[in-house]
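First the proteins, then the strands, lettered A, B, ... as listed; each starts at 1. Computed from heavy atoms alone, side chains included, the values below leave out hydrogens, waters and symmetry copies.
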Amino acid sequence: MPTYEKIIDSDKERRKIKADRRMREIMTAYYMEAKTPKEQRGKKIAWITSGGPVEPLHVMDVIPIYPENYGAMIGASKMGVDLCEKAEEMGYARDLCSYARADIASATVNGGPIGGLPEPDMLICCNNICGTVLKWYEVQARYFNVPLFILDTPITHTTFNDEMRRYVTRQSAEYIRFLEKACGRRFDYDRMAEVGALSIRAQELWQAILDTTMSKPSPMTCFDAFFHLAMIVTLRGTQTCVDYYEMLLAEMKERVAQGIGMLPVEKYRLVWDNLPIWYRLRWLSNKFMERSACLVADTYTSGWVSQMPSVSSTDFLGFMGESYARIFLNSGTDLMAENIIRMVKKYDADGVVFHSNRSCKPYSFGQYDIQKILRKKLGIPTLMIEADMVDERSFSESQIETRIDAFIEMMKK
Amino acid sequence: MAKDIITAGIDVGSISAKAALLQHDRIVATHVILTGYNSQNAGRQVFDLVLQQAGLDAGKVAKIVATGYGRNSIAFAHKAVTEITCHAAGAYFLDRRVRTIIDIGGQDSKAIALDDSGKVKDFAMNDKCAAGTGRFLEVMARALEVDLDAFGAMSLTAGQAASISSLCTVFAESEVISLIARGEQRPNIIAGIHASIASRVVSMAKRVGVRAPVMMTGGVSKNIGVVKALEEKLGANLIVSDRAQVTGAIGAAIIAVGL
């Protein structure tokens with residue numbers, strides 16, 4: 001006898017997000033262009049970390065490629081274990097981030113769902129997401145023998161001060177000089193103003209899309225956000241990204257207007273913390289859906305919206321360093337807890353699901369403390385799931401199912 | 001539903017399967033068998049055996065709730081409920097004062113915080129690892145060539161508990177083997193093993209917040225050595241019912257009354 005009876009959903013077709021198809025087309029075209037042989041493509045390729053400043057690359061007509069986005073694709077295609085094991089054979093420790101392992105291994109065997117990433121002409125690494133990327137990108141710089149630029153962003157433990165501001169702003173100027181050298185031409189500051197404005201517009205649209213889940217029922221879940229996120233990560237600063245998000249936002253607003261929720265029944269509203277478990281997205285999404293629990297928001301996908309209080313869209317380079325330095329993941333535990341509390345209130349959530357991600361130490365490190373802070377300040381239930389974003393060997397189905405079931409039983413009053 | 005009906009709770013764990021029959025807020029019978037490789041069969045078998053013990057016919061049982069890792073494979077149950085909720089219901093039934101439960105079973109250990117009405121307020125479970133579980137003890141018993149049932153009494157005769165620092169079952173086993181090689185006394189090693197489990201479980205329990213009184217449930221509570229080690233680490237006495245191993249099954253039978 002299963003714990004939950006199957007919900008018959010006669011409106012399943014109506015609940016599907018129509019923009020999905022366009023998203024797949026755009027992402028396919030993006031990877032097709034990047035995979036075109038160098039001589040035909042003309043454009044240079046830069047590999048860049050997920051939290052790295054991508055906008056200047058668009059100014060220089062360089063195609064940004066995200067090994068982390070590819071890591072997510074590898075995970076979702078359930079090709080993570082093979083590549084992680086390959087990296088372990090090469091001598092990398094199992095404790096190393098599974099994105100790093102998957103990428104380092106994939107580069108040597110052209111692995112993963114699209115047969116490897118196109119070779120980089122340069123590497124752009126920003127340590128606002130973690131310290132692992134420094135060594136990871138150094139390894140790749142040696143492997144491909146290409147120049148590496150590192151943007152060093154100090155952590156905001158409590159406040160971001162002027163010294164930190166000067167430190168990152170100076171590096172923005174160095175970044176431009178690096179790109180001019182690597183591309184062999186001058187940087188176009190007028191174009192930067194345009195790209196910067198497009199990036200800010202895309203961030204506003206993305207936040208507006210995420211905000212539609214304040215509605216009840218929620219027009220989408222974080223599992224949908226995990227999918228539509230790829231655009232803001234890879235193509236922010238382009239017109240394509242703005243156009244797509246305008247379309248998606250219109251669809252979300254229409255769903256809200258018509259009262260179309262992503263779940264047939266929405267009893268509990270939850271917030272997700274940490275990266276997705278890519279190889280189990282459907283499984284998790286179904287588990288929560290069957291239990292009428294809607295993951296309305298997450299700390300991950302909102303991480304691509306800069307938390308700048310007032311941004312001037314004309315001076316992008318002026319605040320770029322600060323905006324990248326002050327992302328959620330590059331802040332102290334107290335600020336992370338405040339962010340989750342804000343989200344719980346904003347989205348009227350009943351509980352928080354934490355993914356304790358074996359791969360992502362900076363994201364997972366403070367979670368027990370954040371759990372305590374939430375319990376004290378909000379008194380809401382929390383759930384801790386131990387897993388890994390790409391390495392399936394760290395996932396225990398029956399244990400996780402029991403925890404989800406117990407968590408839902410606990411919320412039933 | 002009327003309270004004079006008979007309900008059953010079936011708790012199929014990774015090592016043992018338990019069943020309990022309940023009527024008039026009274027435990028009619030309980031039974032425990034080894035789960036073996038087929039959890040579905042184990043559920044059926046333990047149910048048949050508990051009925052036999054009570055001299056009852058299956059038709060007399062109005063509602064059945066299944067729990068434990070095999071809960072979803074018990075087709076004849078009316079509902080599946082997690083062992084966290086069932087242990088809470090069972091512990092509260094056995095002693096209404098209980099506010100925290102430490103349950104150490106075969107493949108996991110958990111700490112459950114109860115509110116004043118016996119509902120689950122919060123819980124924490126061990127991560128995907130055998131440390132701090134019954135399985136950990138089984139591995140150690142084999143390495144030491146001691147019957148697991150003798151573990152508890154033997155550890156109480158220890159002079160000084162040996163130090164076992166590794167959390168990994170395999171590494172801890174090699175630590176135990178090197179302690180044996182060094183001529184360390186068995187009781188001291190066993191006491192060290194118990195202390196290692198206790199420190200892992202207590203740190204987990206502190207995550208949910210330990211409110212007295214604390215009850216220990218699950219099969220491992222039969223081991224007096226682990227109980228004593230936990231009490232020492234907690235700095236408080238534990239309530240250990242003689243029905244500790246079947247608490248989950250009792251809780252399931254109680255939940256079945258409300259179906």
Separation between [atom1] of [X] and [atom2] of [Y], rounded to the nearest 0.5 Å:
{"X": "A/Y368", "Y": "B/K206", "atom1": "OH", "atom2": "NZ", "value": "15.0 Å"}
{"X": "A/F407", "Y": "B/T85", "atom1": "CZ", "atom2": "OG1", "value": "12.0 Å"}
{"X": "B/R207", "Y": "A/D369", "atom1": "CZ", "atom2": "CG", "value": "11.0 Å"}
{"X": "A/T402", "Y": "B/F123", "atom1": "OG1", "atom2": "CZ", "value": "9.0 Å"}
{"X": "B/R71", "Y": "A/S398", "atom1": "CZ", "atom2": "OG", "value": "8.5 Å"}

Subject >> Trace of the side chain to side chain contact (heavy atoms under 4.5 Å, CB included) decision for B/T82 with A/R403 >> reply: CA-CA 8 Å; B/T82 66; A/R403 285 181 210 204; over 6 Å; no

Original post:
Does atom NZ of A/K78 have more than 12 heavy-atom neighbours from other groups under 6.0 Å away?
Top reply: yes

**OP:** Measure distances from A/I385 to the heavy atoms of chain B and classify the residue's part below 4.5 Å as side chain, backbone, both or neither.
**Re:** neither

Original post:
What part of B/D108 gets closer than 4.5 Å to chain A, counting heavy atoms only: side chain, backbone, both or neither?
Top reply: side chain

Subject >> Flag side-chain contact, heavy atom, 4.5 Å: A/M410 against B/I84 >> reply: no

Subject >> Residue pair A/K412 / B/K79: nearest heavy atoms and the distance that separates them >> reply: NZ-NZ, 4.1 Å

Subject >> Residue pair A/E401 / B/N72: nearest heavy atoms and the distance that separates them >> reply: OE2-ND2, 3.9 Å

Subject >> Whether A/E409 side chain and B/V81 backbone form a donor-acceptor pair below 3.5 Å >> reply: no

